[in-house]
There are 2 protein chains.
Amino acid sequence: MVVTLRDVARAAGVSPATASRALSAPDLVAPARREHVQQVARELGYRPNRAARELITGRTGNLCLVVPDLENPFFAAVAKGVQARARALGFALLVADAEEDPRLEAELVGHLGAQVDGVVLCSPRMSDLELDRLSHDVLDDDVPLLLVNRLHGGYPSVVIDNADGVRQAVRHLHALGHRRIGYAGGPVGSWSDSQRRHGLEHASHGLRSVEVTDLGHFPPLFGGGVAAGDLVAASGVTAVLAHNDLLALGILSRLRARGVRVPEDVSVVGYDDIPAATLVSPALTTVTVPLARLGRAAVDLLVEVGQVPTATESALATALSSAGAGRDPGAAGTPPSVLIGVELVVRASTGVANAQTSEVGE
Amino acid sequence: MVVTLRDVARAAGVSPATASRALSAPDLVAPARREHVQQVARELGYRPNRAARELITGRTGNLCLVVPDLENPFFAAVAKGVQARARALGFALLVADAEEDPRLEAELVGHLGAQVDGVVLCSPRMSDLELDRLSHDVLDDDVPLLLVNRLHGGYPSVVIDNADGVRQAVRHLHALGHRRIGYAGGPVGSWSDSQRRHGLEHASHGLRSVEVTDLGHFPPLFGGGVAAGDLVAASGVTAVLAHNDLLALGILSRLRARGVRVPEDVSVVGYDDIPAATLVSPALTTVTVPLARLGRAAVDLLVEVGQVPTATESALATALSSAGAGRDPGAAGTPPSVLIGVELVVRASTGVANAQTSEVGE
DNA sequence: GGATGAGATGAATGCGATTTCAGCACGGTT
DNA sequence: AACCGTGCTGAAATCGCATTCATCTCATCC
């Protein structure tokens with residue numbers, strides 16, 4: 001029925017050992033014989049049994065990706081990038097949706113971690129403590145874990161340059177004459193939100209007479225933006241920076257519904273540049289994150305730190321040299337992390353500040 | 001280092017055979033002993049080695065899903081549903097993105113099919129011929145393949161009720177007084193597009209004095225809709241039905257840019273009800289497809305026809321009894337297929353026809 | 001009370017590959 | 001001529017688990 005290595009060996013007139021070597025360690029076999037075995041294997045349609053190989057080598061040829069929500073366009077894009085890169089390196093990808101649940105997240109890492117060569121955990125919702133616990137209790141020692149969109153001592157990571165994105169956005173708004181800028185934040189525990197808050201604070205200090213108003217924390221969804229929209233209208237700001245695009249789209253929608261014109265009355269800036277950002281009108285000015293590259297970088301770094309052998313080593317060489325991705329080799333003992341650069345894309349949702357309301361304080 | 005079954009057996013004072021049975025065939029072991037072994041296994045933190053188990057049973061505990069584009073919100077939603085259901089039944093899910101490429105699609109099915117208990121192939125772009133070839137050349141005989149969004153003799157499938165969706169849309173437009181209706185179609189080879197065209201033809205025959213104008217084939221993307229928008233404006237129709245939401249959104253955007261008011265001048269209806277449909281204004285009237293349910297149904301049917309043993313059999317019983325999902329048991333020998341019902345959701349992009357332009361012919 | 005059978009257990013086998021280890025042949029060196 | 005290293009090859013030992021088969025113990029029935 002199914003062709004096994006013994007069949008190939010028999011048909012080629014060699015021992016199973018030699019057949020095995022001819023196919024997976026060609027250097028150890030005399031050229032003529034090697035060719036012959038490979039030929040026979042091809043003719044017979046031999047396909048090595050992955051389970052048998054895994055059993056003895058301990059390697060599965062699989063990676064796994066855990067995200068909070070597959071339907072979120074941000075994570076979908078990351079997943080696409082990770083999948084593509086994994087495949088290019090010869091890995092299959094197990095994908096799991098943690099449904100925004102920290103407990104499920106840990107459980108999935110535990111379950112799937114047992115059957116893969118490495119785990120990519122994207123935007124983990126779990127606490128630092130739980131994150132720590134993963135490497136002790138949940139995961140085998142030889143299964144490397146990499147974080148995306150979260151920095152945590154002990155794990156290698158790929159993160160977005162949140163501070164720079166926020167700075168670019170603030171500078172843009174400042175250049176347009178905005179002085180009172182609102183920030184519609186993400187969920188309370190969000191790591192990237194705290195990063196962006198810090199960046200925002202830092203950026204505003206560097207600019208004259210910019211006043212940042214914290215509008216609070218919102219679920220990073222369209223609905224959250226609708227709620228935030230009212231606060232924007234009431235706050236007297238001339239521009240608002242949202243934690244992410246979905247939030248910004250909600251704000252946009254709510255402002256329009258209330259008759260507040262964008263960008264004439266209020267400018268709106270998002271973050272992430274999801275596809276929907278260009279589908280609305282006015283099109284959303286936002287910070288674009290090269291998510292496909294982020295996904296690639298994640299796989300490359302994971303494979304590198306995990307010493308995970310790949311089928312196609314060659315492709316790996318140029319992996320981390322791509323532009324825009326800064327590399328922090330990490331102090332001795334500290335796992336490395338990659339910083340993904342971002343870029344502001346200006347669309348129609350931002351414009352010059354209305355002179356009447358923009359002057360504050362001075 | 002790692003706890004094996006032998007360790008558990010030794011610690012529990014039984015033979016490996018008994019330990020194995022106590023854990024995976026509890027009925028065969030005396031209650032007291034069974035409890036004891038399970039207890040010991042728990043204490044030692046025993047985790048069975050999947051590779052070893054797979055090697056002997058031939059089952060992997062994995063399913064795989066192949067979609068044309070993970071970033072497309074339609075497929076993302078399907079993936080989410082499939083993943084959730086697979087996990088509920090104790091399977092892990094391998095996900096692959098075929099990048100809209102028929103060849104890659106076949107290759108992925110071949111590669112991944114070798115290491116899973118079943119394959120879900122969603123909206124395959126390959127031809128019927130290539131589809132046939134899968135079961136002969138590419139896939140092992142004992143790996144069941146299920147199609148989503150495509151009907152093809154030989155494979156079980158889960159499909160959307162395209163004809164009914166189109167009919168509901170047409171009736172809605174007819175009730176609003178529209179008589180000249182345009183159809184902006186999907187790509188030429190698209191199976192679902194031809195389904196919808198048939199449905200459209202059939203539906204319009206049933207209604208008095210409705211004239212359907214074929215606006216042609218477009219890539220089912222926002223950009224395709226922009227192109228279609230101009231044709232809509234030039235065609236003189238008062239309403240347009242788009243092959244999917246992205247296309248509809250493009251049309252919406254283009255019409256707005258040209259000063260054509262929606263829905264006052266032209267009504268627009270989409271298909272799929274992707275999240276972005278509610279984010280634009282006017283919000284898009286569209287045919288909503290319960291994609292999560294579709295994903296669930298796909299896994300359930302795959303497991304059923306494939307005789308794939310699941311960890312949690314109980315959950316399976318109620319699987320296909322969910323409302324809205326018609327079941328075609330299939331004539332003897334024909335694989336079964338499930339029809340997923342759809343529903344029109346009326347939002348702001350459709351309105352009563354303008355009296356001046358709606359009367360045609362009579 | 002002996003035959004019968006159900007129930008529980010353990011020894012042994014094998015799934016299909018990789019990998020040690022020993023053996024063999026051969027060419028070159030002392 | 002004896003010795004040694006090098007290059008290939010094959011026999012056999014795993015890897016961790018499920019499963020067959022034989023064994024053994026009792027309760028049951030006639």
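What you are looking at is a predicted structure, and each value in this text was computed from that prediction instead of being measured. Residue numbers start from 1 in every chain, and the chains themselves are labelled A, B, ... in the order their sequence lines are given, proteins ahead of strands.
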Rounded distance (Å) that lies between atom [atom2] of [N] and atom [atom1] of [X]:
{"X": "A/Gln115", "N": "D/dG16", "atom1": "CD", "atom2": "C1'", "result": "16 Å"}
{"X": "B/Leu28", "N": "D/dT20", "atom1": "CG", "atom2": "C1'", "result": "13 Å"}
{"X": "B/Arg34", "N": "C/dT9", "atom1": "CZ", "atom2": "C1'", "result": "14 Å"}

Side-chain heavy atoms of B/Thr18 within contact of B/Val29, under 4.5 Å
yes
Between B/Ala92 and A/Leu112 the two heavy atoms that sit nearest each other are CB-CD2, 3.6 Å
So salt bridge (Lys or Arg N to Asp or Glu O under 4.0 Å) across residues 25-53 of chain B, not counting sequence neighbours, yields none
Residues passing the salt bridge (charged side-chain N to carboxylate O under 4.0 Å, His left out) test with B/Asp128, sequence neighbours excluded, are B/Arg150
_Less than 4.0 angstrom from a charged side-chain N to a carboxylate O is my criterion; do A/Arg59 and A/Asp117 meet it?_
no
Under 4.0 Å between a Lys/Arg side-chain N and an Asp/Glu carboxylate O for A/Glu130 and A/Arg125?
no
Distances under 3.5 Å only, N/O to N/O: pair up the protein atoms with those of nucleotides 16-19 of chain C.
{"unit_1": "C/dG16", "atom_1": "N2", "unit_2": "A/Ala52", "atom_2": "O", "d": "3.4"}
{"unit_1": "C/dA17", "atom_1": "OP1", "unit_2": "A/Tyr46", "atom_2": "OH", "d": "2.9"}
{"unit_1": "C/dA17", "atom_1": "OP1", "unit_2": "A/Asn49", "atom_2": "N", "d": "2.9"}
{"unit_1": "C/dA17", "atom_1": "OP2", "unit_2": "A/Thr4", "atom_2": "OG1", "d": "2.9"}
{"unit_1": "C/dA17", "atom_1": "OP2", "unit_2": "A/Leu5", "atom_2": "N", "d": "2.3"}
{"unit_1": "C/dA17", "atom_1": "O5'", "unit_2": "A/Tyr46", "atom_2": "OH", "d": "3.3"}
{"unit_1": "C/dT18", "atom_1": "OP1", "unit_2": "A/Ser24", "atom_2": "OG", "d": "3.4"}
{"unit_1": "C/dT18", "atom_1": "OP1", "unit_2": "A/Arg53", "atom_2": "NE", "d": "3.1"}
{"unit_1": "C/dT18", "atom_1": "OP1", "unit_2": "A/Arg53", "atom_2": "NH2", "d": "3.1"}
{"unit_1": "C/dT18", "atom_1": "OP2", "unit_2": "A/Ser20", "atom_2": "OG", "d": "2.6"}

Should A/Arg33 be listed as having a side-chain N or O under 4.0 Å from OP1 or OP2 of D/dC8? no
